Amino acid sequence: MDARFDYFGNENGAKFIKRIGNAGLVVDNSTLPKTTQELVKLRASQINGCGFCTDMHSKDALHAGETQTRLNLVAAWREATVFTEPERAALALTEEGTRLADASHGVSDDTWAQVDKHYDGDRIAALISLIALINAYNRMNVIARTPAGSYQPGQW
């Protein structure tokens with residue numbers, strides 16, 4: 001399977017990816033735990049059906065020391081006992097922030113209360129920014145039909 005469009009092979013596409021990648025450095029350099037960052041990216045990618053990002057973030061998480069058990073349970077995190085309360089709050093925010101069109105309430109007050117309980121302002125800013133960013137990447141890859149499976153940790 002070939003991608004419909006090669007962002008890196010197009011001048012405007014490459015510029016755009018470079019700029020959103022630079023925006024992502026703000027999150028990367030934040031105090032939001034790297035483990036939480038990978039769980040958020042993986043869950044949003046699963047919801048959005050982005051095979052490329054699901055492949056990338058599951059491999060990156062494993063490479064960074066995440067366990068296979070936790071990665072296997074991300075899609076069923078509500079029933080899993082392997083996630084901390086702060087991680088659960090981040091996963092709930094990820095789901096509600098990714099599925100905005102699926103629910104009339106957007107992000108619920110209950111979810112927001114959990115996020116506010118477990119994260120300070122800088123981490124909340126990083127979390128919201130990360131959810132927005134991974135959703136953008138997911139949409140780009142799904143629209144372009146970027147194939148999944150060949151990503152190697154650290155490739156980007």
Side-chain angles (χ1 to χ4, degrees), residues 7 13 15-144 146 148 151-156:
Y7 267 93
K15 285 179 186 178
F16 184 77
I17 288 177
K18 182 178 180 178
R19 289 192 176 58
I20 64 172
N22 286 338
L25 291 175
V26 174
V27 177
D28 290 343
N29 294 324
S30 75
T31 60
L32 185 66
K34 300 292 186 216
T35 301
T36 303
Q37 291 183 37
E38 289 302 330
L39 294 175
V40 164
K41 290 184 276 190
L42 180 56
R43 185 64 189 125
S45 299
Q46 291 170 336
I47 292 166
N48 288 323
C50 183
F52 183 82
C53 292
T54 298
D55 180 45
M56 174 189 290
H57 298 300
S58 61
K59 288 176 179 175
D60 281 347
L62 276 172
H63 185 74
E66 184 59 79
T67 69
Q68 189 66 58
T69 298
R70 283 172 38 98
L71 292 177
N72 291 347
L73 291 171
V74 167
W77 65 268
R78 282 183 176 81
E79 292 80 25
T81 60
V82 297
F83 301 106
T84 67
E85 288 304 312
E87 289 170 339
R88 297 170 74 73
L91 288 166
L93 184 65
T94 301
E95 287 191 358
E96 291 180 21
T98 298
R99 293 182 164 142
L100 291 173
D102 296 343
S104 60
H105 62 76
V107 173
S108 70
D109 290 338
D110 289 340
T111 294
W112 188 257
Q114 288 302 306
V115 168
D116 195 43
K117 175 181 174 183
H118 294 290
Y119 297 102
D120 64 16
D122 287 344
R123 288 181 176 186
I124 291 173
L127 189 54
I128 293 169
S129 299
L130 179 59
I131 293 166
L133 186 63
I134 191 59
N135 273 277
Y137 276 122
N138 290 163
R139 281 152 177 75
M140 291 165 52
N141 283 304
V142 169
I143 292 167
T146 306
Y151 176 78
Q152 297 298 314
Q155 179 177 333
W156 303 111

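Starting from 1, each residue takes its place in the sequence as its number. For clarity, every value in this text was computed on a predicted model and none was experimentally measured. These numbers come from the heavy atoms of this one structure, side chains and all, not from hydrogens, waters or symmetry mates.
- Interatomic distance, Tyr7 OH to Ile143 CD1, rounded to the nearest 0.5 Å: 6.5 Å.
- Residues Ala89 and Val115 share a closest heavy-atom pair of O-CG2, 3.6 Å.
- Rounding to the nearest 0.5 Å places CG of Asn138 at 7.0 Å from OG1 of Thr54.
- Counting heavy atoms from C-beta outward, Glu95 and Thr111 have side chains that stay 4.5 Å or more apart.
- Across Asn48 and Val142, no two heavy atoms sit closer than the pair O-CG2, 3.7 Å.
- For the pair Met140 and Phe16, the minimum side-chain heavy-atom distance is below 4.5 Å.
- Of the inter-residue distances, the one linking Asp116 atom CG with Ile124 atom CD1 reads 5.0 Å to the nearest 0.5 angstrom.
- Of all heavy-atom pairs between Leu32 and Leu130, the closest is CD2-CD2, 4.3 Å.
- Proximity of Glu96 to His105: side-chain heavy atoms (C-beta onward) are separated by under 4.5 Å at one or more points.
- The closest side-chain heavy-atom distance from Phe83 to Leu73 is below 4.5 Å.
- Judged purely by atom type and a 3.5 angstrom limit, Tyr119 uses its side chain to pair as donor or acceptor with the backbone of Pro86.
- A pairwise comparison of heavy atoms in Asp60 and Pro153 identifies OD1-CA, 3.4 Å as the closest pair.
- Using a 4.5 Å heavy-atom threshold, the side chains of Asn22 and Leu25 count as touching.
- Listed by chain and number, the residues in a salt bridge (Lys or Arg N to Asp or Glu O under 4.0 Å) with Arg123 amount to none (sequence neighbours excluded).
- Remark: side-chain polar atoms of Gln37 are paired, donor with acceptor, to backbone N or O of Val27 under 3.5 angstrom.
- Counting heavy atoms from C-beta outward, Arg43 and Ile134 have side chains that stay 4.5 Å or more apart.
- Two residues are said to be in side-chain contact when any heavy atoms from C-beta on lie closer than 4.5 Å; Ser30 and Asp122 fail this criterion.
- A donor-acceptor pair under 3.5 Å links the side-chain atoms of Ser58 to the main chain of Asp55, judged by distance alone.
- Using a 4.0 Å cut-off between charged side-chain N and carboxylate O, Arg70 and Glu87 make a salt bridge.
- Of all the heavy atoms in Asn141 and Cys53, the pair that sits closest is ND2-SG, 3.5 Å.
- For the atom pair CG of Asn135 and CD1 of Ile47, the computed distance is 8.0 Å after rounding to the nearest 0.5 Å.
- Checked by atom type and distance alone, the side chain of Glu66 never pairs as donor or acceptor with a backbone atom of Leu71 at under 3.5 Å.
- Considering only heavy atoms from C-beta on, Arg88 stays 4.5 Å or farther from Gln114 through its side chain.
- In this structure, OG1 on Thr67 lies 8.0 Å from CG on Leu62, to the nearest 0.5 angstrom.
- The distance from the SG atom of Cys50 to the CG atom of Leu42 is 11.0 Å, given to the nearest 0.5 Å.
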